[in-house]
Amino acid sequence: MNRWAGLFRWHLMQKEKEEEEAKEKKEGGENGKKTAEVKHRLNWKEWVVDPSGEFYFAWLQVMVFPVLYNWVIIICRTCFKAIEENYLAVWLTIDYISDLFYVADTIIRFRTGFLEQGILVRDHTLLQKHYLRSSRFRWDLASLLPTDLLYLQLGIHYPLVRINRFLRTTRLSEAFDRMETRTSYPNTFRISKLMLYIFVLIHWNACLYFALSAYIGFGSDRWVYPNITNPVFASVRRQYFYCFWFSAQIFTTVGDTPLPKREEEYLFMIADLLIAVLVFASIVGNVGNVITSLRDRDNVFFPNHELVKGYLRSHRISKELRGRVNSWYQHLYINRKITRENEILQQLPDTLRTEIAVSVHLPTLSKVTIFQNCETSLLEELVLKLTPQVRGGQWVYSPGEYVCRKGDVGHEMYIIKEGKLAVVADDGVTQFAVLGEGNFFGEISILNIKGNKSGNRRTANIRSIGHSDLFSLSKEDLTDVLSEFPAAKRLLEEKGRQILTKMGMLEETGGGDGPEEEKKMERRVEKMEEDLNALQTKLARLMAELESSACKMQARVEMLEQEMEGFESEEDRGEGEQREDPEGYGGKTEGVDGDIAGIRAEGQSKTEEVLDRKDDGKGEGKEEPEKRESQGNGRTGEGQGKGVAEGGGKVKRTNGEETGDNMKDGLKKQVGVIQKGTGGDPEGNKVTGGVAGGSREEGTEKSREGGGEDKINGNEEEKMDEKTLGRG
Ligand SMILES: Nc1ncnc2c1ncn2[C@@H]1O[C@@H]2COP(=O)(O)O[C@H]2[C@H]1O
């Protein structure tokens, strides 16, 4: 988008520059001219001709005359002695003037720049080398050879010595090519060029016919030129016109020429007829091409009427509808309305297309009332949206045709380029308003105006009164542009609101203080975003703490395990004393092992849980505060409950035994360590409990696994639970 805007600015700058230059030129007057001359003189040494510039083009056009002069006059003077002798002074003067042009042309050739890697070479030495090495130089040099010196030997009435001047014909074709690309009427130009070539050909043939007649003898038979002693055929004009007429008859294959009598005459006629075939073919071909290209142009500019007509016929469409289609076509043709503009411009590079879009459509857009006070950049953006991309860009509607109907979903808004349209009631006749050139409509359904009861539906029927030419602007493009120009958006919405209020289609709450409401909403959304960010940060911190606590807990479990191993070895020692009670021994070991396994397994599962939560923490963000609280409480209690249960399990196993009390103390100590570890850290309190514990039931379950049930232990467990909950 910026690229387009930049381009447009560049376009405007160029225009301003041009205007300033023109102004300066005007104001400068004589002084300006003198300064320009001085400048020119000063820069002469540096002067380089740009082959794509205006000067070069103008020079090519000038060179058409000397080259054509030589092509036409040399042969004429050679064959028509009277023409040569009667006007010798004129011919010699023009000859040497044309030679001067040839010399000037050669100098210009030396100064003509050329492109190297896309850059115009301006170095004189390089330019000279480039020209001297080119084949063009040899041809130019040959065309400038002073063959006129041969006059000294052959006599002054021998203009054929200047035939080498034809060698500069490349200039003629170069000039014609350039003119053809520049002209706005290439077909007319092509036909004119063809006629010129045919004229030169017939002229040459006429000259040769006269020369052959002179050679055979004027009036010696019916085929040759009549006797020039006959006063009717004596004048120079008659001689030339007769020969030209004769020649034209052959080349246009009219064939109404006298029959040849001698071999030379037959040979001449055969050669002429062969050339005539080519001439005729090229005339037919060229004219055909011109007609085809005209038809092609129409086909590209306008939809193919013949095809549509055929379609309508084959589907037996009603006469009335066919009439409307025909009138639409006629309107397009008569008023030169180009409907396929985008297709045509597609053939150009982006940059040029944009410039064209800007210069074609900006005047229309700047007429649109709502955009009149808008920044130029908004108009630029709109212009670019209007032309190259949007479906069709431009729409042509016939009289009575509906552009949109009430209740339709709105996809685009329209700007009236030309014509009149009416806002009509459902009966199609009652008019509420008439819209004209520079007005726009269809904005309400695409603007999402707050309180608009019709939502994204059209609020009215719009009907074309006569033929109307519209621009369309899609909802997406309009939203895009207006997001960058809030002032214009407000204006458009205001206008929409006015219409809606008039129609009674605006809800009270939505209408009043639109911009204020909007600002409030924006502030609220911003606040919510900030809160959300803060919550996310907190959550992340908590997650990190959870993780570290889990690690700590695992380390502690390992420590406990090691201590339990020590405890086991102590047990072993006491085993001798207790051997008589195998139940107590086995139960105790099982209970301890089960406890450790329980604590480990839970620690691990909680760590996994923490990691899982971390992964999808984002999704939980919203409900987190509540959730966290309940989980924290539960888990803290659970953790502690579990620890106690585990301890309880072991107590049960040693119940009623001497060592049982020792073990109970020992285990309680271990549990105390865990509880201390969890409870002692004020930050990690809740969380650590959660990680270590798991659910309350789970804890009990584990304790059962480890040591079976015990009422006393169960009570203890409950007590501990209560304590822990109180902390949490
Ligand atoms: N009374 C009115 N005067 C001018 N324009 C109108 C009026 N009522 C509706 N419109 C226009 O008609 C359009 C129909 O489509 P929308 O509702 O999108 O937008 C509507 C307005 O732009």
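On a predicted model such as this, the values are computed, not experimentally measured, just so you know. Along the sequence shown, residues are numbered consecutively beginning with 1. Counting starts at 1 for both ligands and their atoms, in listed order.
Residue-ligand proximity, Ile462 to ligand 1, at heavy-atom distances under 4.0 Å covers atoms 12 (O). Residue Met503 approaches ligand 1 through these ligand atoms, each under 4.0 Å from one of its heavy atoms: 8 (N), 9 (C). Short contacts between ligand 1 and Phe441, defined as distances under 4.0 Å to a heavy atom of the residue, involve ligand atoms 22 (O). Under a 4.0 Å criterion applied to the non-hydrogen atoms of Ala433, ligand 1 contributes the atoms 3 (N). Within the listing of ligand 1, atoms 16 (P), 17 (O), 18 (O) sit less than 4.0 angstrom from a heavy atom of Ser445.
The closest donor-acceptor contact from the side chain of Thr479 to the backbone of Lys475 lies under 3.5 Å.
Remark: minimum distance from atom 9 (C) of ligand 1 to any protein heavy atom is reached at Ala460 CB, 3.6 Å. Counting only heavy atoms of the protein, atom 13 (C) of ligand 1 lies nearest to Gly442 N, 3.5 Å. When hydrogens are left out, the protein atom nearest atom 22 (O) of ligand 1 is Glu443 OE1, 2.6 Å; that is the closest non-hydrogen contact. The protein heavy atom nearest to atom 7 (C) of ligand 1 is Ile499 CG2, 3.7 Å. The protein atom (non-hydrogen) at minimum distance from atom 15 (O) of ligand 1 is Arg458 CD, 3.1 Å.
Checking Val423, Ile415, Leu470 one by one against Phe441, the side-chain contact (heavy atoms from CB on, under 4.5 Å) holds for a single residue, Leu470.
Contact annotation: for Ile444 versus ligand 1, heavy atoms closer than 4.0 Å belong to both the backbone and the side chain. Counting heavy atoms closer than 4.0 Å to ligand 1, residue Ile446 contributes nothing at all.
A side-chain donor from one of Glu412 and Tyr414 sits under 3.5 Å from a side-chain acceptor of the other. Defined by atom type and a distance below 3.5 Å, a donor-acceptor pair is present between the side-chain atoms of Asp477 and Ser474.
Nearest heavy atom pair, residue Val434 against residue Lys420, reads CG1-CD, 4.1 Å. The nearest pair of heavy atoms linking Asn461 to Arg405 is OD1-CA, 3.4 Å. In terms of heavy-atom proximity, Gly428 sits nearest to Arg463 at O-NH1, 2.8 Å. Of all heavy-atom pairs between His467 and Pro399, the closest is CE1-CD, 3.5 Å.
Proximity annotation for atom 17 (O) of ligand 1: of Thr459, Asn461, Leu500, Asn439, Thr459 comes nearest, heavy atoms only.
Cation-pi check for Lys495 over Phe440 is met; the charged atom lies under 6.0 angstrom from the ring centroid and within 45 degrees of its normal.
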